[in-house]
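Before any comments, here is the structure.
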Protein chains: 2
Amino acid sequence: MVLPRAARTQRRTRIQGEKEERILEAALEVFSAHGFRGATVDQIADVAGMSKPNLLYYFRTKETMHRALIDRVLDTWLDPLRAFDAEGNPVSEIRSYIRRKLEMARDFPRESRLFANEVLQGAPHIEDELKGPLKELVDEKAEVIRAWAKAGKIAKCDPYHLIFAIWSTTQHYADFDVQVRAVLGQGNSGDGRFEDAARFLERLFVDGLQVSEQPAS
Amino acid sequence: MVLPRAARTQRRTRIQGEKEERILEAALEVFSAHGFRGATVDQIADVAGMSKPNLLYYFRTKETMHRALIDRVLDTWLDPLRAFDAEGNPVSEIRSYIRRKLEMARDFPRESRLFANEVLQGAPHIEDELKGPLKELVDEKAEVIRAWAKAGKIAKCDPYHLIFAIWSTTQHYADFDVQVRAVLGQGNSGDGRFEDAARFLERLFVDGLQVSEQPAS
DNA sequence: TGATAATTTGACCGGTTGGTAAACATTACA
DNA sequence: TGTAATGTTTACCAACCGGTCAAATTATCA
């Protein structure tokens with residue numbers, strides 16, 4: 001019988017696991033580089049080193065593949081925010097959140113671009129995730145930040161916009177990598193660049209740019 | 001004779017001007033929403049309210065259209081950075097640069113997304129612009145910032161990363177608009193949101209988050 | 001007005017795209 | 001080992017895509 005891929009009724013085959021892994025890895029490569037529409041199944045099959053019909057045996061459609069990828073990656077992507085600890089020292093919590101996000105931009109740029117592509121084009125495939133799990137997590141952490149501000153442990157500020165600012169500044173180094181490299185020139189890449197960015201951002205978020213003896217009232 | 005579109009040897013027709021305008025407007029709409037590859041000529045023709053062959057009479061290829069659009073928009077896009085004034089007061093120059101960039105994200109989100117799509121996918125069509133005019137302008141303004149820092153007028157910081165931070169935080173509101181709206185919820189849009197963001201960012205960049213009596217050494 | 005150039009259209013083309021059908025090959029397991 | 005389920009391949013399709021062509025229509029201006 002041709003009870004195809006993901007034959008959940010049966011136990012998973014060894015081959016199933018291996019192939020699905022290879023496919024999702026290839027899909028991440030291609031989707032992150034070209035977006036959903038711009039990616040082609042042929043291309044993904046090619047990167048995964050298998051024929052297109054073979055790939056489609058494991059994921060019936062391009063959309064199925066994309067969804068499986070999103071589901072797998074979203075959790076990881078939100079881990080740094082989840083690690084945000086209400087009990088910790090506010091400034092050092094924010095500092096280490098920035099650093100963790102920056103590390104993710106460095107170590108998982110494809111994941112960052114996968115989401116960036118998706119959101120940029122109106123999030124047609126992940127609207128539910130944004131309005132559901134993402135919003136809930138952000139709401140929760142925003143409350144933590146608000147409490148810190150209220151207690152005078154950090155400056156009074158809109159916690160949502162603070163989170164947006166951390167997201168955008170850190171993910172910028174993954175999503176706009178080509179532009180960053182074009183502006184900084186050839187010589188500047190790798191760990192040097194990463195450390196420069198980390199130092200700058202930690203300082204920016206904590207102290208700002210002003211050389212104040214007296215903080216403005 | 002069929003001396004087609006942009007018959008530069010002849011003076012431009014009234015119709016030429018009007019149609020090219022309508023086409024570029026439609027192209028901006030479609031390219032910014034779907035990226036170069038994801039956009040189709042049919043779709044652009046449809047939005048422009050004309051037939052595909054008619055559109056292709058004015059712009060021979062999809063690429064020609066895209067390039068014309070980029071050329072037209074890039075200048076405008078860099079205007080706020082050009083307005084950056086070495087003679088002005090550093091903090092208020094930075095403050096008003098942030099505000100101008102934020103206004104552009106609000107008033108020209110499609111232009112922002114046009115570039116974001118392009119850069120995100122490796123800037124295959126605008127590499128030259130990034131390494132040329134863009135880099136030169138940034139180099140020039142980075143020098144201004146560096147001088148301010150050296151003179152003790154603002155905190156010592158990497159000027160390039162400062163510019164990246166301003167770009168990313170402001171453009172975030174155009175490029176990731178769907179996500180911002182999903183997280184903030186329905187009620188929060190329009191001018192209220194804009195003012196919140198502006199207030200937050202100006203404060204962040206100037207003062208940081210710390211509630212310091214003493215700035216860290 | 002008439003002729004000439006500019007514009008518009010419908011029909012069409014070759015290549016690509018996501019996806020299918022069915023035959024063939026391999027694996028797992030009783 | 002045999003056989004049923006799983007996995008793979010070749011050939012293919014219909015829809016879509018960027019772009020062409022030639023004929024028809026409209027604007028321009030002497």
Practice prompt. For the side chain of B:T61, starting at C-beta, report the closest nucleotide among D:dG19, D:dG18, D:dT20.
Written response: D:dG19
Item to complete: Select from A:E63 and B:K19 the residue whose nearest nucleotide in DNA chain C is closer to the 5' end of that strand.
Response: B:K19
Worksheet entry | Value in whole Å for how far the P atom of C:dG18 lies from CG of A:D42 | 6 Å
Worksheet entry | Side-chain ion pair, A:E136 and A:K141, N-O less than 4.0 Å | no
Item to complete: Provide, to the nearest angstrom, the distance between the CE atom belonging to B:M65 and the P atom belonging to D:dG19.
Response: 9 Å
Worksheet item: From the list D:dG19, D:dT10, C:dG19, which nucleotide is the closest neighbour of the side chain of B:K52?
Response: D:dG19
Worksheet item: Okay, side chain of B:K101, backbone of B:P80: is any donor-acceptor separation there less than 3.5 Å?
Response: no
Fill in: B:R82 with B:E140: basic N within carboxylate O range, under 4.0 Å
no
Fill in: Any A:Q16 side-chain N or O less than 4.0 Å from OP1/OP2 of D:dG7
yes
Item to complete: Return the value, rounded to whole Å, for the distance between atom CD1 of A:I44 and atom C1' of C:dT17.
Response: 12 Å
Discussion item. C:dA6, OP1 or OP2 - any side-chain N/O from B:Y58 closer than 4.0 Å?
Written reply: no
Worksheet entry | Rounded distance in Å - NE2 (B:H34) to C1' (D:dC17) | 15 Å
Worksheet item: According to a strict under-4.0 Å criterion, is A:S51 in side-chain N/O contact with OP1 or OP2 of D:dT8?
Response: no
Response to the item:
When rounded to whole Å, the CG to C1' distance for the pair B:D46 and C:dT8 reads 16 Å
Fill in: Salt-bridge present (A:R193, B:D158; N to O < 4.0 Å)
no
Item to complete: Determine: side-chain N/O of B:N54 to OP1/OP2 of C:dT7, distance under 4.0 Å, yes or no.
Response: no
Discussion item. So, does B:R37 get its side chain near the phosphate of C:dT17, meaning an N or O under 4.0 Å from OP1 or OP2?
Written reply: yes
Worksheet item: Does A:K62 get its side chain close enough to the base of C:dG19, under 3.5 Å, for a donor-acceptor pair?
Response: no
Fill in: Check ion pair A:E195-A:R99 (N to O, under 4.0 angstrom)
yes
